[in-house]
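So the structure is just underneath, and the comments pick up after that.
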Amino acid sequence: RLLFVFSLSVRGSVGTSLLCGPPKCEQHSSCLSLSVAVVKSSDSSVVATFDLPKTTLLDFSPLNNVLVTWQPYSKSQDSPQGEANLQLWDLANARLIKALYQKKVDTWCPSWSEDEKICVRSVNNELHFYENNDFNTIANKLRVQKVSDFALSPGGQPSKVAVYAPGSKGAPSFVRLYQYPVLGGPTAAFANKSFFKADRVTMQWNKKASAVLVTASTEVDKTGASYYGEQTLHYLAVNGETALVQLPKNGPIYDVAWSPNSAEFCVVYGFMPAKATIFNLRCDPVFDFGTGPRNAAYYSPQGHILVLAGFGNLRGQMEVWDLKKYKQVSKPQAPDATHFSWCPDGEHVVTATCSPRLRVSNGFKIWHYTGSVLHKWDVAPGAELWEVLWQPFPDGSFPERAVKYQAEPSNLGSTQAPPTQAYRPPALRHLPAMPSTKLHEEEPPQNLHPGVSGEKILSKSALKNQRKREAKKAAKQESKSEPELPSDLTPVTKSQSELSSGDPETDKKIKNLKKKLKAIEELKEQQASGKVLQKNQLEKVQKEDQLLKELEDLQIQQ
């Protein structure tokens with residue numbers, strides 16, 4: 001059985017509530033701007049209460065031995081140096097372990113290894129390491145110039161840490177990987193990746209702690225192509241291998257997600273409609289999901305199902321994919337969703353509309369991945385939903401099950417996304433539909449795994465050069481022969497083309513028409529070789545029939 005827990009607050013109340021805890025979800029902590037209370041979820045009994053009225057952030061250590069509370073740093077006449085605003089509490093006896101200074105909210109919470117043997121804090125561009133929750137002694141330090149961010153590896157010992165230092169004065173930014181406790185010396189780092197164009201980074205370890213994905217972002221795209229700045233994706237492995245992940249489509253990187261098997265990752269990227277591609281550990285594309293309205297990717301806990309979704313400024317469309325067969329299972333839709341998460345059983349998901357992201361229509365839905373809505377809950381008028389969490393379970397509690405394609409029965413039905421149609425003005429809706437030109441070329445899904453089609457996987461630059469060679473070859477062949485005209489038109493031989501109509505203006509028009517038709521043929525050859533044509537080039541191709549008719553009329557006049 002699964003316990004589904006949520007936090008609810010009446011509008012106008014103060015403070016926030018955070019639910020967390022061990023696999024049995026026995027305790028949670030809430031802050032009411034008066035005090036911090038730790039409560040057992042099983043019987044609602046209070047475990048401990050702390051007089052911390054200014055607390056705004058709190059968290060548990062992985063094994064729930066330590067409660068961390070943070071309040072904004074401030075100074076006063078009584079305390080000109082300010083008060084220690086980061087407190088570490090021993091939950092077993094409600095005792096303060098250590099009070100520390102933490103001015104920056106970005107890195108306010110220390111990071112623990114899963115067994116709590118190591119804890120790491122960022123202090124004045126250094127990393128301080130503590131062992132066995134002894135915060136009175138700094139066991140080790142990592143001194144790297146201007147370290148601004150770090151990510152501790154998941155899993156047990158030995159622990160690894162990825163550190164990021166921004167570049168300055170023409171020097172590149174870099175990310176390095178270390179293994180605790182070997183942190184000093186020129187050979188301590190077993191992987192290093194340098195890069196430019198990075199105002200900030202996001203570092204993600206895979207589950208096995210064998211590799212890190214680094215998303216580097218700039219605040220401003222100097223080329224003016226994107227309002228959201230510029231992003232690049234880098235790969236670092238503990239064996240020293242590094243790479244720049246080549247993304248075939250230009251545009252922002254919306255999401256990067258590791259598979260639970262740690263052997264592949266999914267990237268959602270590119271100007272809308274966005275592409276989504278799965279890469280292996282060699283950073284080679286394995287499967288391309290084509291284009292669509294999506295900006296997020298979610299692997300199931302077992303790694304056998306992937307959900308591509310478009311939340312936020314998109315309409316909440318979800319694509320559920322079977323990763324064994326690379327086949328789409330369902331396409332439900334959850335408008336206005338601000339939260340999505342998988343149930344540990346890998347069979348169900350939850351979508352929710354929470355405050356303060358949206359303060360209206362708060363509530364949540366529990367789905368089966370086949371698209372059926374199994375449960376729906378809406379908040380009462382005047383209330384807000386702040387957070388929705390599944391009860392956590394240890395890894396391996398739920399084995400992988402065969403993927404179903406038949407929708408689960410439900411009284412609430414499903415919300416499959418309706419097929420989209422182009423807008424037609426009311427005055428034209430009674431007329432037969434005419435073929436329309438789309439603003440964006442839609443790309444279908446395709447399997448890119450080496451050996452599936454016998455074709456070699458090419459890099460982005462190699463593919464571009466191949467298309468140039470094919471286009472050049474096609475243009476050379478075209479120059480040797482006149483463009484072929486439809487069979488219903490009288491063929492124009494070389495001798496006929498040299499004939500003059502006696503009217504210089506007509507001859508000039510015929511010559512220009514033939515020149516345009518030849519250019520259209522070259523564009524069609526480039527399009528057939530895989531090149532994406534610009535909007536003005538597509539308009540030229542669409543005028544081919546009109547130009548052929550004009551040429552025929554002029555030839556008849558001859």
Residues S372, W367; criterion side chain to side chain contact (heavy atoms under 4.5 Å, CB included); working and verdict: CA-CA 6 Å; S372 302; W367 309 68; over 6 Å; no

query: Do you know which two heavy atoms are closest between D255 and A297, and how far apart they sit?
result: OD2-N, 2.8 Å

field: Side-chain donor/acceptor of R176 to backbone N/O of A162, under 3.5 Å
entry: no

- request: Going by the ring-ring contact (aromatic ring centres under 6.0 Å, His included) test, name the single residue among F289, Y405, Y369 that passes it with W321.
  value: F289

message: What I'd like to find out is whether the side chain of E264 reaches to under 4.5 Å of the side chain of L281, using heavy atoms alone.
response: no

query: Does W205 use its side chain to pair, donor to acceptor, with the backbone of A151 at less than 3.5 Å?
result: yes

- request: State whether the side chain of N295 and the backbone N or O of F311 hold a donor-acceptor pair below 3.5 Å, judged by distance alone.
  value: yes

query: Between S173 and G167, is there a donor-acceptor pair closer than 3.5 Å when you use the side chain of the first and the backbone of the second?
result: yes

- prompt: Which distance, rounded to the nearest 0.5 Å, do you find between the NE2 of H128 and the CG of L142?
  reply: 10.0 Å

Rounded distance [0.5 Å steps], CD in Q328 versus OG in S330: 7.5 Å

query: Rounded to the nearest 0.5 Å, how far apart are CG of N239 and OG of S210?
result: 8.5 Å

Heavy-atom side-chain proximity of N192 to T242 below 4.5 angstrom: no

- prompt: Can you check whether D149 reaches M203 side chain to side chain, under 4.5 Å on heavy atoms?
  reply: yes

message: Going by side-chain contact (heavy atoms from CB on, under 4.5 Å), V320 matches just one of V403, T370, I305, L308. Which one?
response: I305

- request: Taking N280 for its side chain and D284 for its backbone only, find out whether a donor-acceptor pair lies under 3.5 Å.
  value: yes

- prompt: Charged N to carboxylate O under 4.0 angstrom, K331 versus E319?
  reply: no

query: How many angstroms lie between atom CG of N250 and atom CD of E230, to the nearest 0.5 angstrom?
result: 9.0 Å

query: Just by distance, do the side chain of S259 and the backbone of S262 share a donor-acceptor pair under 3.5 Å?
result: no

message: What verdict does the side chain to side chain contact (heavy atoms under 4.5 Å, CB included) test give for K160 and F190, after you've listed the backbone C-alpha separation in whole Å, the side-chain angles of each residue and the deciding distance to 0.1 Å?
response: CA-CA 10 Å; K160 308 174 186 69; F190 47 71; 4.0 Å; yes

query: Side chains of R315 and P335: closer than 4.5 Å at any heavy-atom pair?
result: no

message: Check this for me: does any side-chain nitrogen of one of D395 and K207 sit under 4.0 Å from a carboxylate oxygen of the other?
response: yes

Option passing side-chain contact (heavy atoms from CB on, under 4.5 Å) with Q231 (candidates T218, V256, I253): I253

statement: Exactly one candidate in F174, Y164, F195 meets ring-ring contact (aromatic ring centres under 6.0 Å, His included) with H234; the answer is F195

message: In the structure I gave you, are the side-chain heavy atoms of V286 and F279 within less than 4.5 Å of one another anywhere?
response: no

- request: Please assess T277 against Y269 for the test side-chain hydrogen bond (donor to acceptor under 3.5 Å, both in side chains), listing each intermediate value before the final yes or no.
  value: CA-CA 9 Å; T277 306; Y269 61 95; 2.8 Å; yes

message: Once you measure the plane-to-plane angle for W258 and Y235, does it fall in the parallel (<30°), tilted (30-60°) or perpendicular (>60°) bin?
response: tilted

message: Closer than 3.5 angstrom, by distance alone: can the side chain of Q302 be matched with the main-chain N or O of P344 as a donor-acceptor pair?
response: yes

- prompt: Is E241 paired with R282 through a side-chain N to carboxylate O contact shorter than 4.0 Å?
  reply: no

message: Do L323 and I278 make a side-chain contact, defined as non-hydrogen atoms from C-beta onward lying under 4.5 Å apart?
response: yes

statement: All heavy atoms of V349 vs all of W390, minimum pair found to be C-CZ2, 3.9 Å

- prompt: Is there a donor-acceptor contact under 3.5 Å from the side chain of Q333 to the main chain of G316?
  reply: no

- prompt: Do T215 and V201 pass the side chain to side chain contact (heavy atoms under 4.5 Å, CB included) test, and can you show the C-alpha distance, the side-chain angles, and the key distance before you say yes or no?
  reply: CA-CA 5 Å; T215 305; V201 300; over 6 Å; no

message: Just verifying a value: how many Å separate L86 CG and T69 OG1, rounded to the nearest 0.5 Å?
response: 7.0 Å

message: Could you report the tightest heavy-atom contact between D336 and T353, atom names first, then the distance?
response: O-OG1, 2.9 Å

field: Heavy-atom pair with the smallest gap, counting every atom of Q102 and T107
entry: NE2-O, 3.3 Å

message: Just so I know, are the side chains of R401 and E347 near enough to count as touching, which here means a heavy-atom distance under 4.5 Å?
response: yes

field: Separation of L385 CG from S355 OG (nearest 0.5 Å)
entry: 8.5 Å

query: Under the salt bridge (charged side-chain N to carboxylate O under 4.0 Å, His left out) test, which residues partner K404, sequence neighbours left out?
result: E408

task: Under the side chain to side chain contact (heavy atoms under 4.5 Å, CB included) rule, what do F129 and V161 come out as? Steps first, then yes or no, please.
output: CA-CA 11 Å; F129 291 78; V161 62; 4.2 Å; yes

statement: Scanning both residues in full, the closest heavy-atom pair of W112 with V68 reads CH2-CG2, 3.4 Å

- prompt: What heavy-atom pair brings A352 and F364 nearest, and what distance separates the two atoms?
  reply: CB-CB, 3.8 Å

